[in-house]
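In what follows, a single structure is set out as structure tokens and then discussed.
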Amino acid sequence: MQTTGTASTTSVLRVMNERAVFAETFRLGTVSRPELAQHTGLSKPTVAVALTNLERAGLLRQVGMRAGAAGRSAVLYEVRPEAGWVFAVDVGRSYVRVGLADLVGTIVARKDESSRGTRARDLVAQLTRLAEELVATAGITREDITLAVFGTPGIHDKATGALHLAPNLPGWDRRGSVERLAGIAGSAYVVENDVDLAAVGEATYGLGRGVRHFVYVSIGTGTGMGIMIDGKLYRGFRGAAGEIGYLPVGEGDPLLNEPAARRRGMFESVASADGVVALAQRLGLHDAATAKDVFDAARAGDPTARQAVSSVVDHVSHALAGITAVLDPELVVLGGGVGSQPGDLLTGPVAERLRNLVALHPPRIEVSTLGKDAVLLGALAVGLTDARDLVLDRTAPAR
């Protein structure tokens, strides 16, 4: 019994040591054995064993020598990029964006195209084809993908395999619908809310880097919010944190009784792209077909368009005032087709009104620098973190 316990303890320590060496190698990029010993606190012999095992498993590789003191040279190691692959997907109402990255985060293939249909069967067929095209470009197969990450509207109910609160994807609210995604990449997969992923993308690659408390607010086809608290994504009890489309827009508002407001959410019915167009048309701007048309007309001085935009600014600023009172973020990043409007029409006026609505200093408000890539980059960031754990787990039994 004692022997078994010792063996088990030794195995656990070996795995812990290898994870520490792998993590530091990834963080430092190119590193020598003495440097790894210094940064991990492990002995040089322990680091040497870990490097040998990780190299044998195909996770690390030697990349040359570095001259040291007294003419000695140290072997340099780095993470082997081909040791794992992440397939990232951004599913929108009218488009799909896909990307394939290696284990160090280099995007080796990328495609964006219009959605061929919102029905589950059509969307799965399109995504499967795109996965095949991307892996062919990289010279691998779908079975080589370590992890696939799907960013979708709504909330993934893991108990039923359905997507809730995703009216733009009809049929995906049926039991088991999400399970259709399992065969697309031939690998493990996760499904995340698209705006949550956008927040992770901002935290990793955008304006949120180094900001511990911020929110990403997307206003476009729909509305939603990703919340970063103390540097971590906050999902809430049921994963529905940030569904601000359902915020009330105010007592007595005539829109509260409209079917669209009940189905899509009160705030979304007035602040989304469709809501902006509907409001402008009610005010008399009948030629407006898109939210861009409304904002362009407002910028050109059309009084009706300006009235519509002013109403949107009012709704957004009041929503952000409530968010600020509850979460006290340092930064609000605006994204989406409406949220990304230039500061002269949206960001500036919203910031000005917000100063009059909150008691303390309001958060900074800035337009996302990632644009339409925020969700896809967030999916890659999530996938890369998880994939590095998966490749370590998969290689452990073979040693």
Side-chain angles (χ1 to χ4, degrees), residues 22-31 39 78-79 81 84 86-90 97-108 110 112 147 149-151 190 192-220 223-236 241-242 244 320 323-324 326-337 339-343 346-348 350-351 354 361-389:
F22 183 79
E24 282 302 301
T25 304
F26 179 82
R27 186 178 70 85
L28 296 170
T30 303
V31 63
H39 286 282
E78 70 177 10
V79 173
V86 172
F87 179 62
V89 182
D90 174 14
R97 298 185 176 93
V98 296
L100 181 69
D102 61 27
L103 198 60
V104 298
T106 301
I107 300 175
V108 298
R110 163 82 187 268
D112 300 7
L147 182 67
V149 181
F150 297 89
V190 295
E192 293 277 5
N193 174 264
D194 52 0
V195 183
D196 282 349
L197 289 179
V200 175
E202 287 291 340
T204 309
Y205 305 105
L207 296 171
R209 282 180 294 182
V211 181
R212 303 293 292 175
H213 304 274
F214 77 91
V215 296
Y216 176 94
V217 177
S218 177
I219 307 174
T223 59
M225 178 174 68
I227 306 168
M228 300 297 293
I229 296 179
D230 200 22
K232 298 179 181 179
L233 180 66
Y234 179 73
R235 293 183 174 85
I244 59 171
L320 292 183
I323 292 165
T324 299
V326 175
L327 297 177
D328 185 27
E330 175 185 345
L331 170 69
V332 174
V333 180
L334 294 179
S340 297
Q341 288 296 316
L346 189 68
T347 311
V350 166
L354 195 57
H361 295 292
R364 289 185 291 120
I365 301 177
E366 299 187 35
V367 174
S368 171
T369 57
L370 301 183
K372 296 179 181 179
D373 288 338
V375 176
L376 191 67
L377 290 174
L380 287 173
V382 168
L384 288 168
T385 298
D386 292 345
R388 289 163 195 150
D389 285 334

How long is the gap from [atom1] on [X] to [atom2] on [Y], to the nearest 0.5 Å?
| X | Y | atom1 | atom2 | answer |
| --- | --- | --- | --- | --- |
| Leu380 | Phe87 | CG | CZ | 10.5 Å |
| Leu103 | Phe22 | CG | CZ | 5.0 Å |
| Thr347 | Ile365 | OG1 | CD1 | 7.5 Å |
| Ser218 | Leu197 | OG | CG | 12.0 Å |
| Arg364 | Leu207 | CZ | CG | 7.5 Å |

Work out which heavy atom in [X] is nearest to a heavy atom in [Y]; give both atom names and the distance.
| X | Y | answer |
| --- | --- | --- |
| Val86 | Ala387 | CG2-CB, 3.7 Å |
| Ala381 | Tyr205 | CB-CE1, 4.1 Å |
| Gly208 | Phe214 | CA-CE2, 3.7 Å |

Can you list, pair by pair, the side-chain donor-acceptor contacts under 3.5 Å of residues 225-236, counting residues two or more places apart and other chains?
{"unit_1": "Asp230", "atom_1": "OD1", "unit_2": "Arg212", "atom_2": "NE", "d": "3.4"}
{"unit_1": "Asp230", "atom_1": "OD1", "unit_2": "Arg212", "atom_2": "NH2", "d": "3.0"}
{"unit_1": "Arg235", "atom_1": "NE", "unit_2": "Glu192", "atom_2": "OE1", "d": "3.4"}
{"unit_1": "Arg235", "atom_1": "NH2", "unit_2": "Glu192", "atom_2": "OE1", "d": "3.3"}
{"unit_1": "Arg235", "atom_1": "NH2", "unit_2": "Glu192", "atom_2": "OE2", "d": "2.7"}

Atom pairs and distances, side-chain donor-acceptor, residues 326-334, under 3.5 Å, sequence neighbours left out:
none

Side-chain heavy-atom pair Val79, Arg388 within 4.5 angstrom cut-off: no

Within-4.5 Å side-chain heavy-atom neighbours: Pro363 and Thr324: yes

Exam field: side chain Asp373 to backbone Leu377, donor-acceptor pair closer than 3.5 Å: no

Under 3.5 Å donor-acceptor, Thr204 side chain and Val200 backbone: yes

